[in-house]
Amino acid sequence: MRQDITDRSERALRYGRGDRTATSPGPRTIPPPPPLTYVALGERPLRRLPQLFIGLALYGFSLSLMVRASLGVNPWSVLYEGLAGHTTLSFGTISAVLGVLVLLLWIPLEQRPTFGTVANIVVLACSSDLGLLLVPSHLGLPARIVLLVGGVLLNGLSVAVYVGTRFGPGPRDGLMTGLSAATGRSLRLVRTLMEIAVLAVGWLLGGSVGAGTALYAFAVGPTAQFFLPRFAYRSRCRDGSA
């Protein structure tokens with residue numbers, strides 16, 4: 001049972017159920033997505049670990065840019081902001097606490113955390129709080145627009161950088177793939193429902209929803225998809241190439 005769920009989860013993550021692949025009919029050939037299944041920590045760590053930490057650090061910093069823009073943030077950051085307004089915890093600390101709580105939801109899905117999962121929680125918390133300390137608040141509108149656009153683009157790039165290392169999913173991505181594998185629903189549907197639920201709760205708690213939230217929804221996916229082939233690690237053992 002565990003192996004079956006794991007195999008289906010990997011297929012869902014690699015091919016994005018319902019998406020077209022290179023075998024799709026038509027005059028235009030669509031290249032297959034780069035492999036994103038887990039690769040063991042011991043395989044070329046000097047090549048992959050720096051990329052992982054850089055990608056995660058950039059991701060956390062991109063979140064701080066969007067927060068300082070004050071024009072709306074991504075759904076999970078809306079939740080972090082909302083909770084931060086009701087507690088004494090920092091933005092990054094809340095992201096870490098929620099990351100650990102999300103991991104508990106992996107248990108019935110028979111998902112197992114990896115080194116990349118733990119690094120995701122720790123590095124994002126530290127880098128986002130550091131970014132909030134370094135980036136000033138209460139800027140003028142032109143500067144805030146620059147921060148927003150730069151934050152969204154940097155976020156998409158950073159996703160491609162750290163996901164491409166193939167150290168395993170972060171807590172939220174693992175929940176998505178686990179639910180997709182367990183229910184047979186597409187990654188797109190599961191992710192959409194998760195984001196809507198998180199956004200609604202965060203908004204009710206007072207999190208920032210605005211133009212930046214919409215921009216993130218439309219722009220981060222295509223940005224990550226554009227950069228991912230350039231950063232995806234190809235395993236000699238599993239993929240036949242490096």
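Across all their heavy atoms, Trp106 and Gly170 have their closest contact at CZ2-O, 3.5 Å. Summarising the geometry of Gly60 relative to Ser127, their closest heavy-atom pair is CA-OG, 3.2 Å, with the distance given to 0.1 Å. Of all the heavy atoms in Pro171 and Val102, the pair that sits closest is O-CG1, 3.3 Å. Minimum interatomic distance between Pro169 and Gly174 (heavy atoms only, all atoms of both residues): CB-N, 3.6 Å. Of all heavy-atom pairs between Glu195 and Pro75, the closest is OE1-CG, 3.1 Å. The two residues Leu56 and Val123 have their closest heavy-atom pair at CB-CG1, 3.6 Å.
Distance alone, capped at 3.5 Å, places no donor-acceptor pair between the Ser77 side chain and the Tyr80 backbone. In terms of modelled atom types and a separation under 3.5 Å, the side chain of Gln51 and the main chain of Val161 share a donor-acceptor contact.
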Exercise for the section: For the pair Ser180 and Arg185, evaluate side chain to side chain contact (heavy atoms under 4.5 Å, CB included) and give the outcome as yes or no after the intermediate values. Expected result: CA-CA 5 Å; Ser180 176; Arg185 302 298 182 180; 5.6 Å; no
Handout entry: Stepwise ring pair (Phe, Tyr, Trp, His ring centres under 6.0 Å) check, Tyr162 with Tyr59
Key = CA-CA 9 Å; Tyr162 82 79; Tyr59 187 94; 5.8 Å; yes
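Within the 4.5 Å cutoff, the side chain of Arg68 has heavy atoms near those of the Ser137 side chain. Considering only heavy atoms from C-beta on, Thr165 stays 4.5 Å or farther from Phe231 through its side chain. Proximity of Thr213 to Asn74: side-chain heavy atoms (C-beta onward) are nowhere separated by under 4.5 Å. When side chains are defined from C-beta on, Ile94 counts as touching Leu98, because their heavy atoms get closer than 4.5 Å. Looking only at side-chain heavy atoms (C-beta outward), Phe61 and Ser128 stay at 4.5 Å or farther from each other. Between Leu36 and Leu228 the shortest side-chain heavy-atom distance falls below 4.5 Å.
With no hydrogens or angles considered, a side-chain donor-acceptor pair links Thr37 and Arg166 at under 3.5 Å. Side-chain polar atoms of Thr114 and Thr117 form a donor-acceptor pair below 3.5 angstrom.
Note: Asn120 CG to Leu52 CG = 8.5 Å, rounded to the nearest 0.5 Å. For the atom pair CZ of Arg144 and CG of Leu139, the computed distance is 8.0 Å after rounding to the nearest 0.5 Å. The line from CG of Leu130 to OG of Ser64 is 8.0 Å long, rounded to the nearest 0.5 Å. Atom CG of Leu157 is separated from atom OG1 of Thr223 by 9.0 Å, given to the nearest 0.5 angstrom. Taking CZ of Arg188 as the start and CE of Met176 as the end, the distance is 12.0 Å to the nearest 0.5 Å. In this structure, CG in Leu148 is found 8.0 Å from CE in Met66, a value given to the nearest 0.5 Å.
Counting non-hydrogen atoms of neighbouring residues, nucleotides and ligands closer than 6.0 angstrom, the NE2 atom of His138 reaches no more than 12 such neighbours.
By the rule that hydrophobic residues join a cluster once side-chain heavy atoms approach within less than 4.5 Å of another member, Leu58 and Val122 end up as members of separate clusters. Residues Ile54 and Val39 fall into different hydrophobic clusters, defined by Ile, Leu, Val, Met, Phe, Trp and Tyr side chains chained together at heavy-atom separations under 4.5 Å. Following chains of ILVMFWY side-chain contacts shorter than 4.5 Å, one can reach Leu89 starting from Phe91, so the two form part of one hydrophobic cluster. One hydrophobic cluster holds both Phe115 and Leu103 under the rule that ILVMFWY side chains link at heavy-atom gaps under 4.5 Å. Side-chain heavy atoms closer than 4.5 Å link hydrophobic residues (I, L, V, M, F, W, Y) into clusters, and following such links, even through other members, never connects Val118 to Val159.
Applying side chain to side chain contact (heavy atoms under 4.5 Å, CB included) to Gln111 and the options Leu105, Leu175, Leu179, Thr177 leaves one that passes, Thr177. Tested against Ser62 for a side chain to side chain contact (heavy atoms under 4.5 Å, CB included), the candidates Val152, Leu147, Leu154 yield a single pass: Leu154. Each of Val135, Leu153, Val146 was evaluated against Leu65; a single residue qualifies, Val135, per the side chain to side chain contact (heavy atoms under 4.5 Å, CB included) test.
Both tests pass for Arg48 against the ring of Tyr233: distance under 6.0 Å to the centre and angle within 45° of the axis. Figure legend: Arg172 and Trp76 shown as a cation-pi pair, the cationic atom lying under 6.0 angstrom from the six-membered ring centre and within 45 degrees of its axis.
The list of ring pair (Phe, Tyr, Trp, His ring centres under 6.0 Å) pairs with a residue in residues 203-227, not counting sequence neighbours, is empty.
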